[in-house]
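Only one structure is covered here, and it is reproduced in the block below.
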Amino acid sequence: MAQQTQPKLARASFRGVSFVCTAHDLKAGRRIADHVFPQRDLGYHEDMGRQDREVSLTAYLNGDDAADQRDRLLAAIEAPGPGELFHPWLGRLMVVVKSSSFRESRAARRMVEVSLSFVEAGLSQFPQAVRDGASGIRAALDGLMAATGAVLGERLSLNAVPGFVKGDAGATLFDAAVALEQVRLALPGQAGLGYPVMRSIDAVADLARGALKGGAGEIVSTLDTALRTLGRAAPDPGRAYGAFEQAFQGFGLGLPSIPLTTSNRLRQKQNRDALTDATRWLALGSAVGLAGAATPETYPDAVRWRSRVCDWCDVEMEAASRSRSDKGFNALTQLRTAFVDHLTAGMGTLAPVRQVQLTTPMPSLALAYRDYGDARRGESLARRNRDVLRSGHPGMIPAGVPLDLVGG
């Protein structure tokens with residue numbers, strides 16, 4: 001006699017928020033337009049294409065934190081736009097939520113019963129207006145470059161000055177070329193733009209070795225070209241931002257001090273300050289452009305990006321305020337605001353992160369399947385927690401250490 005077995009419970013997730021699924025319904029077929037005609041026994045049923053598949057799930061949330069799980073799933077359901085559903089039997093689907101219901105009772109205080117209905121997400125076949133989140137950053141970058149050129153033109157003066165004053169200005173600009181080269185060496189794999197990057201850095205060095213006859217306009221244009229070319233060549237925006245941050249945050253602060261004993265020494269210091277400020281502002285602008293191109297995976301990642309970029313902007317805004325440069329301060333403020341607006345616009349749909357500790361060691365593939373229902377996410381789980389993994393065992397998650405898991 002064949003032995004009957006009960007269907008196993010399976011874990012599912014929507015936008016990274018997991019839940020236990022007990023049953024599902026799938027509605028599929030063809031879209032039919034019915035045509036009927038007078039005095040005819042049979043009508044004509046026109047095939048209009050495949051019907052959008054509808055998936056209904058019966059699930060539940062349980063545990064001491066059932067209410068928190070309910071709130072996270074509710075936030076994922078109410079977020080706008082399509083989201084990724086990991087279906088325990090159908091795999092990954094891009095869907096739109098049609099309806100949902102949550103049931104709680106006094107008889108089961110640690111459990112929430114959930115009914116979910118999804119329809120697969122289609123693509124718009126017609127032109128539509130969309131908000132370009134990066135356009136604000138691009139406009140702010142153009143404004144920062146214009147402000148940098150105007151401020152440098154007001155503060156830099158190389159007319160009728162001794163040779164050592166011009167030499168110090170050239171040396172300061174050459175230090176900027178050295179910093180650019182440091183960033184280039186820190187970013188391997190520049191995707192076919194290696195030669196243009198080297199040429200743009202050489203142009204900065206050649207300008208530093210010359211007499212700087214082009215003035216502030218040529219200096220700003222040459223620097224900005226090198227910085228933007230280097231940013232475009234970087235294969236990883238996040239790593240490139242770190243390289244820019246290391247090379248240019250605080251650029252010029254470690255140079256030897258200049259004794260303000262004569263008017264020429266005073267002019268030397270003013271020129272140096274003007275060049276270092278211009279270099280830092282332009283480097284910050286390119287770095288913010290890279291940060292805007294990065295795609296945070298989770299909500300905490302986005303918060304860290306926001307704090308990191310805003311801290312650098314705040315430092316430069318404070319320096320511009322001390323030097324009484326209203327144009328620079330306003331341009332930096334607009335750049336900071338544009339980045340925050342761009343990042344905040346997409347933060348609402350990002351997955352949360354929770355911390356857990358294993359009681360026994362477990363392979364990352366097994367942990368990914370247990371928590372997400374998808375062993376393929378084991379690689380990203382191990383990569384996210386690489387700092388706590390044992391050397392030589394990149395796929396084994398140790399016990400007793402805090403782990404970051406994406407989703408509810």
Side-chain angles (χ1 to χ4, degrees), residues 7-27 52-122 295-303 344-358 366-378 380-381 384-385 402-408:
K8 295 182 179 180
L9 302 178
R11 297 197 71 86
S13 65
F14 179 63
R15 286 196 173 106
V17 182
S18 61
F19 48 88
V20 179
C21 184
T22 58
H24 84 109
D25 295 305
L26 174 64
K27 182 179 178 181
D52 297 336
R53 293 180 179 178
E54 295 186 19
V55 178
S56 300
L57 297 176
T58 303
Y60 70 86
L61 310 167
N62 70 333
D64 294 334
D65 62 340
D68 294 335
Q69 295 182 47
R70 175 204 61 207
D71 293 341
R72 289 194 294 268
L73 182 57
L74 188 60
I77 289 171
E78 293 180 338
E84 183 184 69
L85 169 69
F86 176 76
H87 195 289
W89 296 285
L90 300 178
R92 293 180 181 273
L93 304 170
M94 289 301 296
V95 296
V96 177
V97 180
K98 287 192 67 177
S99 64
S100 64
S101 65
F102 295 77
R103 185 176 187 275
E104 300 177 67
S105 66
R106 296 180 60 185
R109 297 187 179 182
R110 298 175 63 253
M111 185 173 74
V112 180
E113 298 178 4
V114 186
S115 296
L116 302 169
S117 178
F118 303 94
V119 61
E120 61 180 332
T295 53
E297 181 183 5
T298 65
Y299 186 88
D301 291 342
V303 172
T344 305
M347 287 178 65
T349 59
L350 295 178
V353 172
R354 56 193 171 94
Q355 280 200 336
V356 300
Q357 290 189 11
L358 300 180
L367 181 60
Y369 184 77
R370 188 195 75 177
D371 275 54
Y372 304 122
D374 185 4
R376 291 173 295 183
R377 296 182 65 172
S380 63
L381 189 152
R384 185 171 190 85
N385 295 279
L403 303 173
D404 287 344
L405 296 184
V406 177

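When a residue number appears, it is its place in the shown sequence, counting from 1.
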Check: [X] side chain, [Y] main-chain N or O, donor-acceptor pair, under 3.5 Å:
{"X": "E54", "Y": "S117", "answer": "no"}
{"X": "E120", "Y": "R53", "answer": "yes"}
{"X": "T22", "Y": "T58", "answer": "yes"}
{"X": "R109", "Y": "E104", "answer": "no"}

Heavy-atom closest pair, residues [X] and [Y]:
{"X": "W89", "Y": "H24", "result": "CE3-CD2, 3.4 Å"}
{"X": "M111", "Y": "A66", "result": "N-CB, 4.4 Å"}
{"X": "A12", "Y": "P88", "result": "CB-CD, 3.6 Å"}

State, yes or no, whether a side-chain contact exists between [X] and [Y] at a heavy-atom distance under 4.5 Å.
{"X": "L85", "Y": "L90", "value": "no"}
{"X": "F14", "Y": "L57", "value": "no"}
{"X": "R72", "Y": "D65", "value": "yes"}
{"X": "V112", "Y": "F19", "value": "no"}
{"X": "V95", "Y": "V55", "value": "no"}

In Å and rounded to the nearest 0.5 Å, what is the [atom1] to [atom2] distance from [X] to [Y]?
{"X": "L73", "Y": "E78", "atom1": "CG", "atom2": "CD", "value": "10.0 Å"}
{"X": "S101", "Y": "E113", "atom1": "OG", "atom2": "CD", "value": "9.5 Å"}
{"X": "F102", "Y": "R70", "atom1": "CZ", "atom2": "CZ", "value": "8.5 Å"}

